[in-house]
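Because only heavy atoms are used, hydrogens play no part in the values below, and waters and symmetry mates are left out as well, while side chains stay in. This is a predicted model, so every value here is computed, not measured. Chain A is the first sequence line, chain B the second, and so forth, proteins listed ahead of strands; every chain is numbered from 1.
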2 protein chains.
Amino acid sequence: MTTIRDVAKLAGVGLGTASRVVSGKGSVAPATAEKVRRAIEALDFRPSHAARALLSGSTQMIGVYIPLLKGSFYPHILQTIDRELRTANRHMVVAFGREDTDTRHEVLEGARFLMERDCDGIVLMSNALTADDAQTLLRRQPNLVILNSSFESVAARCFLADHVQGGRLAAQTLLRHGHRRLVAISGPLTSPDNVDRMQGFIQELRTSLGAQVVIPCEEADFSTAGGYAAAGRLLDQGHRFTALFCANDEMAVGALACLAERGLRVPRDVSVLGYDDTPAAEFAVPRLSSVHMPIREVTLAGTRALLNQCYGLDLFVDRHFPVSITARASVIDAT
Amino acid sequence: MTTIRDVAKLAGVGLGTASRVVSGKGSVAPATAEKVRRAIEALDFRPSHAARALLSGSTQMIGVYIPLLKGSFYPHILQTIDRELRTANRHMVVAFGREDTDTRHEVLEGARFLMERDCDGIVLMSNALTADDAQTLLRRQPNLVILNSSFESVAARCFLADHVQGGRLAAQTLLRHGHRRLVAISGPLTSPDNVDRMQGFIQELRTSLGAQVVIPCEEADFSTAGGYAAAGRLLDQGHRFTALFCANDEMAVGALACLAERGLRVPRDVSVLGYDDTPAAEFAVPRLSSVHMPIREVTLAGTRALLNQCYGLDLFVDRHFPVSITARASVIDAT
DNA sequence: GCTAAGATTGGTAACGGTTCCATTTATGCC
DNA sequence: GGCATAAATGGAACCGTTACCAATCTTAGC
């Protein structure tokens with residue numbers, strides 16, 4: 001490995017001078033700088049990150065915890081973070097949940113793993129965290145952002161769309177198409193953002209259809225298999241419905257598979273509305289209408305806010321995340 | 001930040017003694033060790049990775065390059081690598097392709113980014129690499145494994161299933177169900193592993209149906225949207241066929257969407273066979289039969305081989321990756 | 001009680017950068 | 001030309017850890 005001392009020796013200059021050329025700080029005579037640059041080139045010198053990290057106390061790495069990579073929701077987020085970090089010339093260290101479900105224990109273990117590695121900051125994503133956990137983590141690592149979950153006590157570090165509004169929008173959409181007999185598949189009730197969207201959904205229905213209205217609802221775990229099973233349970237219970245709202249697209253895709261197997265045609269017999277508008281929705285059969293949650297913008301904002309905090313940058317952070325409806329083929333007017 | 005000097009001071013021992021307790025190397029009197037451990041506990045001391053990296057020349061980090069995270073193929077791989085690395089107490093630094101297509105330039109740029117970060121080793125995945133590129137990279141970083149691509153010149157560092165055999169299996173399966181009028185959607189012809197599976201597929205058909213047999217085939221880019229478009233082109237060309245083979249599940253899902261929109265029923269009118277057996281296949285409508293490629297085992301073997309090489313470990317590496325058929329609902333007997 | 005071997009211990013040097021300070025060289029001005 | 005100021009330069013010190021060496025302390029054996 002070639003060191004900056006080798007460079008200095010070859011260029012015939014002092015250690016400090018070589019360092020000044022490499023880091024671009026301090027003044028060096030143009031002719032001298034050129035000599036050093038040629039030496040760098042000749043030796044293919046690359047400064048050691050480890051040495052810089054040791055001296056500066058900054059590793060230039062951001063840790064990212066993601067519960068699991070099933071489905072098309074999380075991968076997209078990871079890619080967005082990577083692009084932003086590489087643009088800022090920082091690196092991404094990733095830890096995934098090791099179990100297939102998003103548990104509190106997994107998140108804390110993953111976060112611990114990342115912190116031990118001296119990341120300059122951490123991006124956290126999970127539905128399983130409690131407010132206390134968030135507080136504890138923030139104390140150990142002030143450079144923390146939480147995506148897609150909200151804790152009042154650490155609100156400034158949370159980035160998410162207004163899921164209550166998203167749930168309302170889902171209800172409005174189905175109502176506008178004339179649907180009155182509705183059922184739903186909820187995500188885990190331990191997930192704050194899931195609770196938000198289900199509350200918005202039901203609030204809106206109660207406002208329009210009357211406070212006494214009951215919406216049959218099955219809980220699942222945000223997975224395709226879970227959605228498949230939940231749809232089966234709703235049918236087995238004998239509910240008659242013209243529209244089904246699913247708290248994410250994964251579960252909606254599972255529900256579509258179930259409905260198809262039971263001989264129900266979507267959208268003719270049942271309209272299905274998803275949530276998140278993930279890439280999977282576009283080529284579902286039939287193409288899945290979905291509440292569009294601007295997760296890319298949410299992720300971008302969180303990542304940039306973290307970069308600003310960690311490195312004193314001044315990247316633009318947009319905290320406005322409007323939800324909307326992406327209308328495709330799976331929702332039509334009630335007959 | 002508390003350093004090992006703080007620990008030594010509090011424990012009332014020398015620097016070296018404290019270090020020996022931390023690293024577990026060398027001999028320390030039990031009573032002394034206990035004092036040091038208490039000091040570590042009291043100060044919440046954690047050794048600096050940066051200092052260790054500087055001294056040892058090893059960062060304990062493995063870099064992973066993945067082209068893109070669309071679809072359910074790559075995410076699964078990442079998660080498998082993460083689990084294995086964390087079990088070995090190493091970290092994963094990830095770089096993704098920044099464009100939505102897997103290009104040569106992107107891979108090289110990503111690999112460069114990872115190498116500059118002083119990763120101890122690199123896991124590479126790409127369909128766009130050439131044999132020369134692989135050679136060049138291997139010269140700069142001997143600790144390199146390549147997943148799911150094969151280059152004879154660096155064969156020992158390549159891990160992949162036998163895709164020729166996979167293609168053969170696909171053909172055998174469709175033939176066994178009585179299909180004779182077949183069409184196919186191929187991945188990019190620049191991708192070596194795609195070429196393998198298409199060659200196996202066509203070889204097998206020629207063997208069974210005669211050397212002169214022609215299989216209409218459209219090329220796409222392994223994406224769902226590409227599969228959708230390719231299926232459309234096959235139909236527009238007026239081919240009549242009872243079975244469609246797609247070189248990966250993503251494209252098969254796109255093709256299913258296209259066939260459904262054109263009023264063709266799968267599997268009654270057309271059988272569709274995918275490749276890779278990704279999670280998406282399980283809940284496609286209808287459930288997608290697929291050539292099962294043991295990507296988890298391939299990934300595990302590559303990751304372990306890299307760990308063995310980087311750190312002198314002796315993890316078991318199984319280089320036997322049998323392909324098989326996962327039969328679901330999308331392939332039935334020809335009528 | 002004495003010696004030798006072994007166990008235990010403390011401190012220095014080194015990893016490869018950057019920062020700071022002291023020194024030398026160049027520049028500007030009267 | 002002489003002086004003051006600024007620019008340019010070289011090198012020591014430092015970041016936190018581990019490896020190594022020399023010194024000290026035990027312990028066993030006779």
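- A heavy atom closer than 4.0 Å to some atom of DNA chain C occurs in no member of residues 28-35 of chain A.
- Partners of Arg5(B) under the salt bridge (Lys or Arg N to Asp or Glu O under 4.0 Å) rule, at least two apart in sequence or in another chain, do not exist in this structure.
- With sequence neighbours excluded, the residues that form a side-chain contact (heavy atoms from CB on, under 4.5 Å) with Ala134(A) are Leu129(A), Ile146(A), Phe151(A), Val154(A).
- When the side-chain hydrogen bond (donor to acceptor under 3.5 Å, both in side chains) test is applied to Arg83(A), the partners found at least two apart in sequence or on another chain are Asp100(B).
- With a 4.5 Å cut-off on side-chain heavy atoms, Leu78(B) and Phe96(A) count as touching.
- Between Glu116(A) and Arg112(A), at least one side-chain N (NZ, or NE/NH1/NH2) sits under 4.0 Å from a carboxylate O, which counts as a salt bridge.
- Residue Ser27(B) places no side-chain N or O under 4.0 Å from the OP1 or OP2 atom of dA7(C).
- Taking only side-chain nitrogens and oxygens, Thr17(B) never comes nearer than 4.0 Å to OP1 or OP2 of dT9(C).
- Using a 4.5 Å cut-off on side-chain heavy atoms (C-beta onward), Val93(A) and Phe113(A) make no contact.
- Scored by the salt bridge (Lys or Arg N to Asp or Glu O under 4.0 Å) test, Asp221(B) finds no partners at all (sequence neighbours excluded).
- Over its full length, the helix from dG1(C)-dC30(D) to dC30(C)-dG1(D) turns its helical axis through 40°, comparing axes from the five pairs at each end and rounding to 10°.
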Distances under 3.5 Å only, N/O to N/O: pair up the protein atoms with those of nucleotides 23-26 of chain D.
none

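- Counting heavy atoms from C-beta outward, Asn148(A) and Met293(A) have side chains that approach closer than 4.5 Å.
- Among residues two or more places apart in sequence or in another chain, the salt bridge (Lys or Arg N to Asp or Glu O under 4.0 Å) test is passed with Asp44(B) by Arg140(A), Arg46(B).
- Checked against side-chain contact (heavy atoms from CB on, under 4.5 Å), Arg157(B) has the following partners two or more places apart in sequence or in another chain: Leu138(B), Val145(B), Gln309(B).
- Under the side chain to side chain contact (heavy atoms under 4.5 Å, CB included) rule, Tyr74(B) has a single partner from Ile295(B), Thr278(B), Ile66(B), which is Ile66(B).
- The salt bridge (charged side-chain N to carboxylate O under 4.0 Å, His left out) pairs that include a residue from residues 310-319 of chain B number zero, where partners must be two or more places apart or lie in different chains.
- Scored by the salt bridge (Lys or Arg N to Asp or Glu O under 4.0 Å) test, Arg117(B) finds no partners at all (sequence neighbours excluded).
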Item to check | Protein proximity profile, nucleotides 16-26 of chain C - base contact B, sugar-phosphate-only contact S, no contact -, cut-off 4.0 Å on heavy atoms | outcome: BBBBB------

